[in-house]
Amino acid sequence: MMNPKLYVEAIAVPMLPRVHNPWAQTCPMEVGYTGAEDRKQRLVAHLDCPEPELILVGNAAGYQETRFTGIPFTSEKVILDGLVPRVTLPSGTTRLSKLHEPLHEQMAEIVWKALHEHGIAHKTVLCNAVPWHPEGEKGSKSNRSPSAREIQLGRIYLHSLLDMYPNVPIAAVGAVAQTSLSDLGAHFNILKDPSVFGYQAFNESIEQLLL
């Protein structure tokens, strides 16, 4: 039976053109050389969620968040601010990237703010329909929409993740997430995309979901 550790080991295997695998590859912009293993540990800790109440599915990993943190919808700043339950940094670690300021991403900050406001941050599992980072025209510092092949492959791993949490409500953020969940025949709710509609709309859609 699939469990968080086996799932993370599985998503660390695929290597695709123009796609960065955060759990198998390091990045020139990150601190140290153990980033991939550190991200594995963080994601396992995140997925080891007792009695989850929500699975939040996004489109694909982004360069300002999952690429460095290993956890979807989660930026370096969110990690450093201690907003992610069950996730701790090694003693003495103060940064994940070498950039002047910690990487921050608006969607990540909106998502975690809303989850904490509604008291479900420790009971929410975050994932992406395509768990890896599709690199855009600027390579490691850019995103692109995942290809049909990448979405198809990601759907296999999404199915495995959903099987770990039977009967837990699912919510989708973004068109790729919605399509992948529909193709799997999953029942899910649609949330307002915070990167498009902002905090208020996303927060209200979470509130409606929890009613």
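The figures here come from the full heavy-atom set of this structure, side chains too, leaving out hydrogens, waters and symmetry mates.
The heavy-atom pair separating S180 from L158 by the smallest distance is CB-CD2, 4.0 Å. The heavy-atom pair separating A12 from A24 by the smallest distance is O-CB, 3.2 Å. Residues E53 and I120 come closest through the heavy atom pair OE1-CG2, 4.0 Å. Of all the heavy atoms in H122 and G119, the pair that sits closest is CE1-O, 3.3 Å. Shown here for G154 and P131, the closest heavy-atom pair between the two residues is CA-CD, 4.1 Å. P14 and L153 make their closest contact through CB-CD2, 4.1 Å (heavy atoms, listed as atom of the first residue, atom of the second, distance).
With sequence neighbours left out, R39 forms a salt bridge (Lys or Arg N to Asp or Glu O under 4.0 Å) with E30. By the salt bridge (Lys or Arg N to Asp or Glu O under 4.0 Å) test, E37 is found to be paired with K40, residues two or more places apart in sequence or in another chain being considered. Every residue two or more places apart in sequence or in another chain was checked for a salt bridge (Lys or Arg N to Asp or Glu O under 4.0 Å) with E117, and none qualifies. Applying the salt bridge (Lys or Arg N to Asp or Glu O under 4.0 Å) criterion to K141, with sequence neighbours excluded, gives no partner residue. By the ring-ring contact (aromatic ring centres under 6.0 Å, His included) test, W132 pairs with Y157, sequence neighbours left out.
H133 places none of its side-chain heavy atoms less than 4.5 Å from the side chain of V19. No side-chain heavy atom of L83 sits under 4.5 Å from any side-chain heavy atom of K77. Proximity of C27 to Y63: side-chain heavy atoms (C-beta onward) are nowhere separated by under 4.5 Å. Side chains of L56 and V125 form no contact here, defined as non-hydrogen atoms less than 4.5 Å apart. Side-chain contact check for F202 versus V111: some heavy-atom pair is nearer than 4.5 Å. Residues H104 and E76 are not in side-chain contact: their nearest non-hydrogen atoms beyond the backbone lie 4.5 Å or more apart. At least one side-chain heavy atom of Y7 sits less than 4.5 Å from a side-chain heavy atom of I11. The side-chain heavy atoms of S140 and E135, taken from C-beta on, include a pair separated by under 4.5 Å.
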Query - Steps toward side chain to side chain donor-acceptor pair (under 3.5 Å) verdict (T93, R95) - result: CA-CA 6 Å; T93 300; R95 289 294 306 277; over 6 Å; no
**Report entry** Derivation of the side chain to side chain donor-acceptor pair (under 3.5 Å) call for N203 and H118
**Finding:** CA-CA 9 Å; N203 194 47; H118 290 288; 2.8 Å; yes
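Within a 6.0 Å radius of CD in Q106, other residues, nucleotides and ligands contribute 12 heavy atoms or fewer. R149 CZ: 12 or fewer foreign heavy atoms inside a 6.0 Å radius.
Of the possible polar contacts, one joining the Q25 side chain to the N21 backbone as a donor-acceptor pair under 3.5 Å is found. In this structure a side-chain-to-backbone donor-acceptor pair under 3.5 Å is present from T74 to P72. For the pair R42 (side chain) and G70 (backbone), a donor-acceptor distance under 3.5 Å is absent. With W112 contributing its side chain and F73 its backbone, the two residues share a donor-acceptor pair below 3.5 Å. Between the side chain of S182 and the backbone N or O of Q178 there is at least one donor-acceptor pair closer than 3.5 Å. Side chain of E65 to backbone of G62: a donor-acceptor contact under 3.5 angstrom is found. N128 contributes no side-chain N or O that, together with a main-chain N or O of V130, makes up a donor-acceptor pair within less than 3.5 Å.
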Residues 161-176, side-chain donor-acceptor partners within the protein, below 3.5 Å, at least two apart:
residue, atom, partner, partner atom, Å
D163, OD2, H159, ND1, 3.4
Y165, OH, L47, O, 2.6

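F197 carries K192 over the face of its six-membered ring, with the cationic atom under 6.0 Å from the centre and within 45° of the normal.
I151 and I156 fall within the same hydrophobic cluster, defined by Ile, Leu, Val, Met, Phe, Trp and Tyr side-chain heavy atoms under 4.5 Å apart, directly or through other members. V84 and L103 end up in different hydrophobic clusters when Ile, Leu, Val, Met, Phe, Trp and Tyr side chains are linked at under 4.5 Å. Linking ILVMFWY side-chain heavy atoms closer than 4.5 Å, directly or via other members, places L89 and L126 in a single hydrophobic cluster. In this structure, L184 is a member of the same hydrophobic cluster as I190, with clusters built from ILVMFWY side-chain heavy atoms closer than 4.5 Å.
With rounding to the nearest 0.5 Å, the separation of OG1 in T69 from NE2 in H46 is 9.5 Å. Separating the CZ atom in R67 from the CG atom in L96 is a distance of 13.5 Å, to the nearest 0.5 Å.
Remark: E150 does not engage R155 in a salt bridge, criterion side-chain N to carboxylate O under 4.0 Å.
In this model, no donor atom of one side chain and acceptor atom of the other lie less than 3.5 Å apart for R144 and S142.
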